[in-house]
Each structure stands twice: as structure tokens, then as C-alpha cells.
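Read the structure below first, then the notes.
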Amino acid sequence: MSRNSKLISENLREEIAKELGVYEQVKKDGGWGNVSSKDCGNIVTKAIEIANRSVE
């Protein structure tokens, strides 16, 4: 996720991670490196849903 981190704000990414229950791991590990691909995909999916809602 770090390569494309500019596409989604850090605040939004953190909010979504908290909502999905992933943020505690990020905080504990000190970064996004140990977040699974599945969880990263879920964060991206949620961000896309939010973006689609804001366009409508």
C-alpha cells in the first residue's frame, strides 16, 4: 500500500482501518508493513465505496 499511499489520504486510510479493526495492528507494529493484502484490499474497497458515494 505504501507505493500508492498518495492516492488516499493518511487520515482516511486510518479511519477506514479503525472501522475494519485493522488499525490496532498498524499502531502496534508501527506501520502498514504487516497488514495483510486482504486487509489492504478491504481498505481500498471501502475507500472506493466512499468515493462513489461522494460522486453521487
Side-chain angles (χ1 to χ4, degrees):
M1 209 150 118
S2 63
R3 190 174 72 175
N4 294 323
S5 64
K6 303 290 188 256
L7 298 176
I8 180 174
S9 74
E10 186 68 25
N11 289 337
L12 180 58
R13 186 168 38 165
E14 288 177 4
E15 284 182 40
I16 294 170
K18 287 175 185 175
E19 185 178 321
L20 298 176
V22 178
Y23 190 68
E24 287 302 315
Q25 179 185 357
V26 173
K27 226 167 65 171
K28 183 181 89 177
D29 295 342
W32 295 90
N34 291 328
V35 178
S36 71
S37 295
K38 180 180 178 183
D39 287 333
C40 288
N42 289 337
I43 291 170
V44 170
T45 300
K46 186 71 173 177
I48 291 169
E49 289 173 6
I50 291 169
N52 284 339
R53 274 188 258 140
S54 69
V55 170
E56 296 172 352

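- Distance check: Glu14 CD to Ile16 CD1 gives 11.0 Å after rounding to the nearest 0.5 Å.
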Just do the side chain to side chain contact (heavy atoms under 4.5 Å, CB included) check on Asp39 and Leu20 with the steps written out, would you? CA-CA 8 Å; Asp39 287 333; Leu20 298 176; over 6 Å; no

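- Screening Ile8, Val55, Thr45, Leu12 against Ile50 for a side chain to side chain contact (heavy atoms under 4.5 Å, CB included) leaves a single residue, Leu12.
- In terms of heavy-atom proximity, Gln25 sits nearest to Asn34 at NE2-O, 2.6 Å.
- Rounding to the nearest 0.5 angstrom, the gap separating the CD1 atom in Ile43 from the CD atom in Glu15 is 12.0 Å.
- Between Glu10 and Arg13, at least one side-chain nitrogen of the basic residue sits less than 4.0 Å from a carboxylate oxygen of the acidic one, meeting the salt-bridge criterion.
- Val26 is listed as a side-chain neighbour of Val35, based on a closest heavy-atom distance under 4.5 Å.
- Using a 4.5 Å heavy-atom cutoff, the side chains of Val22 and Asn42 are not in contact.
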